[in-house]
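The chain is numbered in sequence order, starting from 1. Remember, it's 1-based here, ligands and their atoms both numbered in the order they're listed. For clarity, every value in this text was computed on a predicted model and none was experimentally measured.
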Amino acid sequence: MMIVEPIAKAAASLLKKRFTVQYPEERESIPDNYRGKLRLDKDTCINCSACALICPNKTIDMVIVETDRGQKKMPQVNHARCLFCGLCEEVCPPKCLTLTKNYEFETYDRRELVTRPEELE
Ligand code: SF4
Ligand code: SF4
(Lines give C-alpha, C1' and ligand atoms only; values in the text may rest on other atoms or scores of the structure.)
(Ligands and ions follow the chains in the order given, each with its own letter.)
Protein backbone atom coordinates (compact mmCIF):
# COMPACT_ATOMS: atom_id res chain seq x y z
CA MET A 1 0.00 0.00 0.00
CA MET A 2 2.84 2.37 0.98
CA ILE A 3 4.60 2.04 -2.40
CA VAL A 4 1.46 2.15 -4.55
CA GLU A 5 0.59 5.74 -3.68
CA PRO A 6 3.85 7.39 -4.87
CA ILE A 7 3.87 5.27 -8.04
CA ALA A 8 0.29 6.32 -8.75
CA LYS A 9 1.24 10.00 -8.18
CA ALA A 10 4.26 9.69 -10.49
CA ALA A 11 2.14 8.05 -13.19
CA ALA A 12 -0.51 10.78 -12.86
CA SER A 13 2.08 13.56 -13.17
CA LEU A 14 3.47 11.94 -16.33
CA LEU A 15 0.04 12.21 -17.92
CA LYS A 16 -0.42 15.90 -16.96
CA LYS A 17 0.00 18.67 -19.52
CA ARG A 18 3.54 20.13 -19.50
CA PHE A 19 3.97 23.58 -17.91
CA THR A 20 7.20 24.40 -19.72
CA VAL A 21 7.94 24.87 -23.41
CA GLN A 22 11.07 24.01 -25.38
CA TYR A 23 12.40 27.57 -25.64
CA PRO A 24 13.62 28.93 -28.06
CA GLU A 25 11.99 26.52 -30.52
CA GLU A 26 8.62 26.99 -28.78
CA ARG A 27 7.23 30.26 -27.39
CA GLU A 28 4.45 30.98 -24.95
CA SER A 29 1.84 33.46 -26.17
CA ILE A 30 2.42 36.88 -24.61
CA PRO A 31 -0.45 38.85 -23.00
CA ASP A 32 -1.41 42.08 -24.77
CA ASN A 33 -0.44 44.20 -21.76
CA TYR A 34 3.07 42.70 -21.47
CA ARG A 35 5.81 45.35 -21.32
CA GLY A 36 9.10 44.33 -22.91
CA LYS A 37 11.93 45.94 -24.84
CA LEU A 38 11.49 49.47 -26.11
CA ARG A 39 11.18 50.26 -29.83
CA LEU A 40 12.00 53.60 -31.42
CA ASP A 41 10.75 54.94 -34.74
CA LYS A 42 13.71 57.14 -35.60
CA ASP A 43 11.89 58.80 -38.50
CA THR A 44 9.25 60.38 -36.27
CA CYS A 45 11.37 61.12 -33.17
CA ILE A 46 11.46 64.91 -32.67
CA ASN A 47 14.51 64.75 -30.36
CA CYS A 48 12.69 66.52 -27.53
CA SER A 49 14.30 64.51 -24.64
CA ALA A 50 10.94 64.21 -22.86
CA CYS A 51 11.46 60.43 -22.48
CA ALA A 52 14.87 60.91 -20.85
CA LEU A 53 13.57 63.62 -18.51
CA ILE A 54 10.54 61.61 -17.30
CA CYS A 55 12.37 58.30 -16.76
CA PRO A 56 12.34 57.61 -13.00
CA ASN A 57 15.42 55.38 -13.12
CA LYS A 58 17.63 57.49 -15.40
CA THR A 59 17.54 54.68 -17.93
CA ILE A 60 17.55 56.86 -21.04
CA ASP A 61 20.49 58.87 -22.37
CA MET A 62 20.16 61.12 -25.39
CA VAL A 63 22.98 60.17 -27.79
CA ILE A 64 24.00 61.47 -31.20
CA VAL A 65 22.76 59.56 -34.25
CA GLU A 66 23.60 60.17 -37.91
CA THR A 67 20.41 60.63 -39.96
CA ASP A 68 19.55 61.81 -43.48
CA ARG A 69 18.87 65.21 -41.90
CA GLY A 70 22.25 65.37 -40.16
CA GLN A 71 23.14 64.59 -36.56
CA LYS A 72 20.24 64.24 -34.09
CA LYS A 73 20.03 63.28 -30.43
CA MET A 74 17.88 60.23 -29.80
CA PRO A 75 17.21 57.97 -26.81
CA GLN A 76 19.58 55.15 -25.89
CA VAL A 77 17.97 52.75 -23.40
CA ASN A 78 19.73 50.74 -20.72
CA HIS A 79 17.34 47.78 -20.54
CA ALA A 80 19.19 46.47 -17.47
CA ARG A 81 17.87 49.46 -15.50
CA CYS A 82 14.45 49.80 -17.15
CA LEU A 83 11.44 49.41 -14.84
CA PHE A 84 9.06 48.96 -17.80
CA CYS A 85 6.83 51.58 -16.21
CA GLY A 86 5.73 52.99 -19.58
CA LEU A 87 6.20 56.67 -18.62
CA CYS A 88 8.52 57.34 -21.58
CA GLU A 89 5.93 55.88 -23.96
CA GLU A 90 3.18 57.95 -22.34
CA VAL A 91 5.05 61.25 -22.53
CA CYS A 92 6.48 60.88 -26.07
CA PRO A 93 4.65 63.48 -28.22
CA PRO A 94 4.71 61.60 -31.58
CA LYS A 95 4.36 58.19 -29.85
CA CYS A 96 7.52 56.94 -31.54
CA LEU A 97 8.93 55.26 -28.40
CA THR A 98 6.88 52.20 -27.49
CA LEU A 99 7.11 49.15 -25.28
CA THR A 100 6.99 45.87 -27.19
CA LYS A 101 6.27 42.27 -26.25
CA ASN A 102 9.92 41.33 -26.81
CA TYR A 103 11.14 39.63 -23.63
CA GLU A 104 14.44 38.26 -24.93
CA PHE A 105 17.11 39.76 -22.68
CA GLU A 106 19.45 36.78 -22.37
CA THR A 107 23.09 37.83 -22.32
CA TYR A 108 26.32 37.09 -20.47
CA ASP A 109 27.21 40.78 -20.37
CA ARG A 110 24.92 43.44 -18.86
CA ARG A 111 26.57 46.08 -21.06
CA GLU A 112 24.86 44.48 -24.07
CA LEU A 113 21.53 45.61 -22.59
CA VAL A 114 22.44 49.22 -23.31
CA THR A 115 20.61 49.66 -26.60
CA ARG A 116 21.54 52.39 -29.10
CA PRO A 117 18.72 54.23 -30.90
CA GLU A 118 19.56 52.40 -34.14
CA GLU A 119 19.05 49.07 -32.34
CA LEU A 120 15.73 49.93 -30.65
CA GLU A 121 13.67 47.85 -33.06
S1 SF4 B 1 9.78 52.24 -19.27
FE2 SF4 B 1 10.07 53.57 -17.47
S3 SF4 B 1 12.05 52.95 -16.62
FE4 SF4 B 1 11.96 52.12 -18.71
S5 SF4 B 1 12.93 53.67 -19.98
FE6 SF4 B 1 10.73 54.13 -19.99
S7 SF4 B 1 10.41 55.61 -18.31
FE8 SF4 B 1 12.44 54.65 -18.02
S1 SF4 C 1 11.50 59.24 -28.35
FE2 SF4 C 1 9.76 60.64 -28.11
S3 SF4 C 1 10.05 61.64 -26.14
FE4 SF4 C 1 12.00 60.68 -26.70
S5 SF4 C 1 13.18 62.26 -27.75
FE6 SF4 C 1 12.06 61.14 -29.33
S7 SF4 C 1 10.13 62.26 -29.61
FE8 SF4 C 1 11.00 62.95 -27.67
Side-chain angles (χ1 to χ4, degrees):
M1 184 66 180
M2 289 284 280
I3 191 119
V4 175
E5 195 176 331
I7 290 173
K9 277 187 181 172
S13 68
L14 284 173
L15 297 172
K16 275 187 189 164
K17 187 175 175 291
R18 282 183 301 145
F19 289 106
T20 55
V21 294
Q22 295 299 309
Y23 180 86
E25 289 79 18
E26 291 177 48
R27 310 284 169 111
E28 284 282 7
S29 63
I30 308 297
D32 285 341
N33 59 355
Y34 181 84
R35 293 171 173 182
K37 275 184 181 172
L38 282 156
R39 174 188 293 140
L40 173 70
D41 179 357
K42 294 200 309 297
D43 294 334
T44 53
C45 176
I46 58 172
N47 327 104
C48 66
S49 302
C51 53
L53 292 170
I54 198 85
C55 180
N57 215 24
K58 304 290 177 225
T59 303
I60 298 178
D61 289 315
M62 297 299 287
V63 297
I64 291 175
V65 176
E66 293 290 343
T67 73
D68 298 341
R69 298 160 283 148
Q71 291 188 333
K72 302 277 181 190
K73 278 198 165 183
M74 294 190 191
Q76 168 180 278
V77 179
N78 183 350
H79 282 102
R81 291 178 56 85
C82 183
L83 307 169
F84 305 98
C85 64
L87 284 174
C88 53
E89 180 183 69
E90 207 175 302
V91 79
C92 177
K95 301 294 175 210
C96 62
L97 188 61
T98 48
L99 289 151
T100 70
K101 290 186 187 178
N102 186 345
Y103 57 86
E104 295 181 313
F105 293 101
E106 67 279 359
T107 178
Y108 289 110
D109 187 348
R110 289 170 68 87
R111 288 171 295 187
E112 288 177 7
L113 294 172
V114 177
T115 316
R116 291 250 335 146
E118 301 90 331
E119 297 160 347
L120 286 171
E121 313 180 311

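Looking at Arg39, its side chain never comes within 3.5 Å of a backbone N or O of Thr100 through a donor-acceptor pair. Judged by distance alone, with hydrogens and angles left aside, the side-chain atoms of Asn57 form no donor-acceptor pair with the main-chain N or O of Thr59 at under 3.5 Å. Distance alone, capped at 3.5 Å, places no donor-acceptor pair between the Glu89 side chain and the Gly86 backbone. Between the Asn102 side chain and the Lys37 main chain, no donor and acceptor come within less than 3.5 Å of each other. A distance-only check finds no donor-acceptor pair linking the side chain of Lys72 to the backbone of Val63 [under 3.5 Å].
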task = Determine, stepwise, if the pair Leu40 / Cys96 fulfils side chain to side chain contact (heavy atoms under 4.5 Å, CB included).
result = CA-CA 6 Å; Leu40 173 70; Cys96 62; 4.0 Å; yes
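Here Met62 has side-chain heavy atoms under 4.0 Å from ligand 2, and that is the only part of it that gets that close.
The ring pair (Phe, Tyr, Trp, His ring centres under 6.0 Å) pairs that include a residue from residues 31-79 are His79-Phe105, where partners are two or more places apart or lie in different chains.
A heavy-atom distance below 4.5 Å is found between the side chains of Pro75 and Cys45. In this structure the side chain of Pro24 reaches within 4.5 angstrom of the side chain of Arg27, judged on heavy atoms.
Lys73 is linked by a side-chain hydrogen bond (donor to acceptor under 3.5 Å, both in side chains) to nothing, counting only residues two or more places apart in sequence or in another chain.
Rounding to the nearest 0.5 angstrom, the gap separating the CE atom in Met74 from the CD1 atom in Ile60 is 13.5 Å.
Residue Pro56 has at least one heavy-atom neighbour below 4.0 Å for each of these atoms of ligand 1: 7 (S).
The number of protein N, O or S atoms lying under 2.8 Å from atom 4 (Fe) of ligand 1 is 1. Protein nitrogen, oxygen and sulfur atoms, that is N, O or S, within less than 2.8 Å of atom 6 (Fe) of ligand 2 amount to 1.
For the ligand labelled ligand 2, residue Lys95 lies outside the 4.0 Å heavy-atom shell.
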